[in-house]
2 protein chains.
Amino acid sequence: MIANRGMKIRRDVFQAIADPTRRAIIMLLTAGALTPNGIAEHFESSRQAVSKHLQILSECEIVQQVQQGREIFYHLNAEKVKEVEKWLEQFKQLLAKRFDQLDQVLEQLKPNNK
Amino acid sequence: MIANRGMKIRRDVFQAIADPTRRAIIMLLTAGALTPNGIAEHFESSRQAVSKHLQILSECEIVQQVQQGREIFYHLNAEKVKEVEKWLEQFKQLLAKRFDQLDQVLEQLKPNNK
DNA sequence: TATTTGCGCAATCAAATAATTGCGTATATA
DNA sequence: TATATACGCAATTATTTGATTGCGCAAATA
């Protein structure tokens with residue numbers, strides 16, 4: 001493989017939920033849109049720290065900003081989380097396939113199949 | 001919040017699946033255990049790069065090593081992925097609660113409720 | 001109008017990531 | 001026994017991440 005030192009910016013749902021604070025923010029926003037200060041009040045994080053996370057969540061398109069006067073409300077885009085669901089489904093399907101094969105082997109090992 | 005510069009090591013499922021190569025490795029291992037070289041053959045990654053990912057996956061307890069002569073087979077620990085499933089369930093539940101409330105509001109807005 | 005409040009943006013920083021190269025060691029093969 | 005193979009470990013490097021401080025602007029309030 002051609003050398004690819006360092007990382008590439010990855011802005012997807014998986015990156016979004018990799019951080020526990022971001023997961024908590026996502027959970028919080030299921031109850032309704034909030035401002036950065038409103039979110040920060042719920043955690044032991046500074047407003048700036050929360051803002052940084054919100055920026056990443058925005059880039060991952062999990063939240064959307066809606067300006068309201070001097071306040072900015074962050075709304076959840078629940079659709080994006082479905083991508084994780086999709087991956088999980090794929091995973092479980094592959095796993096089931098493996099156990100199907102295992103079942104076949106076990107079937108052949110049955111005493112009455114000797 | 002007390003200053004917490006830099007990051008903390010986070011070794012959980014969410015960190016494990018944050019990287020696309022690691023997600024691919026997890027998928028690959030659903031078909032059965034493989035050695036680092038065996039895994040690397042499936043990707044355009046070097047053996048060392050794969051090994052680094054396997055180390056992280058081991059620390060996240062998503063894979064388990066089984067030495068077999070000079071080869072080390074990496075087995076999938078599918079149970080750990082259930083933590084993602086659990087989080088998703090929680091998320092969907094919270095979301096449903098929100099839509100329940102929305103439904104109540106819509107119900108009250110119905111013309112016949114005037 | 002003056003002041004407070006809400007928030008983004010930039011600079012800065014320590015720690016972590018992703019990947020590389022090189023080395024050492026143990027197991028298998030010629 | 002000599003050699004090749006499989007792999008982990010350490011050092012190195014570029015880049016990202018998570019968080020902080022400080023600044024400035026626009027909107028609300030006194």
Side-chain angles (χ1 to χ4, degrees), chain A residues 1-26 28-29 33-60 62-75, chain B residues 1-26 28-29 33-60 62-75:
Chain A
M1 169 187 204
I2 288 117
N4 205 12
R5 294 185 143 278
M7 284 178 275
K8 261 183 231 152
I9 338 157
R10 269 179 292 98
R11 287 289 125 103
D12 55 22
V13 209
F14 297 97
Q15 183 64 22
I17 66 170
D19 183 84
T21 304
R22 283 199 291 272
R23 284 200 299 279
I25 291 175
I26 290 171
L28 191 58
L29 292 183
L34 282 171
T35 64
N37 274 327
I39 294 166
E41 278 171 17
H42 285 80
F43 302 106
E44 291 186 343
S45 295
S46 66
R47 199 257 311 169
Q48 296 293 26
V50 167
S51 265
K52 273 286 180 95
H53 285 303
L54 285 173
Q55 199 182 314
I56 292 173
L57 289 171
S58 290
E59 288 168 5
C60 294
I62 292 211
V63 300
Q64 282 175 317
Q65 309 173 27
V66 173
Q67 187 113 19
Q68 198 124 29
R70 69 177 161 179
E71 290 179 315
I72 297 175
F73 283 86
Y74 284 84
H75 294 255
Chain B
M1 164 184 206
I2 289 115
N4 205 10
R5 296 185 140 273
M7 287 178 274
K8 262 184 233 153
I9 291 186
R10 269 181 292 100
R11 287 289 126 103
D12 56 21
V13 210
F14 297 96
Q15 183 64 21
I17 66 170
D19 182 86
T21 304
R22 283 200 290 272
R23 285 201 298 279
I25 290 175
I26 290 172
L28 191 56
L29 291 184
L34 281 173
T35 64
N37 273 327
I39 294 167
E41 278 171 16
H42 286 80
F43 303 105
E44 291 186 344
S45 295
S46 68
R47 198 255 314 169
Q48 295 293 28
V50 167
S51 266
K52 274 289 178 92
H53 284 303
L54 285 172
Q55 199 183 314
I56 293 173
L57 289 171
S58 289
E59 288 168 6
C60 295
I62 292 211
V63 299
Q64 281 175 317
Q65 308 174 28
V66 173
Q67 186 113 20
Q68 198 124 31
R70 69 177 160 179
E71 290 178 315
I72 296 175
F73 282 86
Y74 284 84
H75 294 254

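Throughout, protein chains are lettered first and strands after them, A, B, ... in sequence-line order, and every chain is numbered starting at 1.
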### Shortest non-hydrogen separation from B/Ile17 to B/Arg23 and the atoms involved
O-NH1, 2.7 Å
### Query
Out of A/Arg22, A/Arg11, A/Gln55, which one pairs with A/Cys60 under the side chain to side chain contact (heavy atoms under 4.5 Å, CB included) rule?
A/Arg11
### Task
With DNA chain C as reference, determine whether A/Lys52 or A/Ile72 sits nearer its 5' end, using the nearest nucleotide of each.
A/Ile72
### Greater than 12 external heavy atoms within 6.0 Å of B/His75's NE2
yes
### Message
Please report the distance, rounded to the nearest Å, between CG in B/Leu54 and C1' in D/dC9.
### Response
15 Å
### Query
Run the side-chain contact (heavy atoms from CB on, under 4.5 Å) check on A/Leu29 and A/Ile39 step by step: do they pass?
CA-CA 9 Å; A/Leu29 292 183; A/Ile39 294 166; 4.1 Å; yes
### Task
Could you tell me whether the phosphate oxygens of C/dT5, OP1 or OP2, come under 4.0 Å of any side-chain nitrogen or oxygen in A/Asn37?
no
### Message
By nearest heavy atom, map B/Thr35 and A/Asp19 onto DNA chain D; which one lands nearer the 5' end?
### Response
B/Thr35
### Task
Between B/Tyr74 and A/Thr21, name the one whose nearest nucleotide on DNA chain D is closer to the 5' end.
B/Tyr74
### Query
Atom NE2 of A/His53 to atom P of D/dT16: distance rounded to whole Å?
18 Å
### Nucleotide D/dA6, atom C1' - distance to CG of B/Leu34 in whole Å
14 Å
### Message
I want to check one thing: is the phosphate of C/dA18, taken as OP1 and OP2, less than 4.0 Å away from some side-chain N or O of B/Gln55?
### Response
no
### Donor-acceptor contact present, side-chain A/Gln48 to main-chain A/Val50, <3.5 Å
no
### Message
OP1 or OP2 of D/dT17 versus the side-chain N and O atoms of A/Arg11: is any pair under 4.0 Å?
### Response
yes
#### Entry: Check against side-chain contact (heavy atoms from CB on, under 4.5 Å), B/Arg10 and A/Asp19
CA-CA 9 Å; B/Arg10 269 181 292 100; A/Asp19 183 84; 3.7 Å; yes
### Task
Identify whether any heavy atom of A/Phe73 sits under 4.0 Å from a base atom; if not, whether one sits that close to sugar-phosphate; answer base, sugar-phosphate or nothing.
nothing
#### Entry: Gap between atoms NZ and P, on A/Lys8 and C/dA19 respectively (whole Å)
9 Å
### Task
Ignoring backbone atoms, establish whether A/Ser51 has a side-chain N or O less than 4.0 Å from OP1 or OP2 of C/dG8.
yes
### Query
How does protein contact run along nucleotides 22-30 of chain C, one letter per nucleotide 5' to 3', with B for base contact, S for sugar-phosphate only, - for none, heavy atoms under 4.0 Å?
B----BS--
### Message
Counting only side-chain heavy atoms from C-beta out, which of D/dT16, C/dT20, C/dC7 sits nearest to A/Ile9?
### Response
D/dT16
### Whole angstrom value for the distance that separates P of D/dT17 from CZ of B/Arg10
11 Å
### Query
CD1 of A/Ile56 versus P of C/dG8: gap in Å, rounded?
14 Å
### Message
Between P on D/dT20 and CD on A/Glu44, what's the gap in Å once rounded to a whole number?
### Response
12 Å
### Query
Do A/Ser58 and A/Tyr74 have side-chain heavy atoms sitting under 4.5 Å apart?
yes
### Query
Once you round it to whole Å, what is the distance between C1' of D/dT17 and CG of A/Asp12?
15 Å
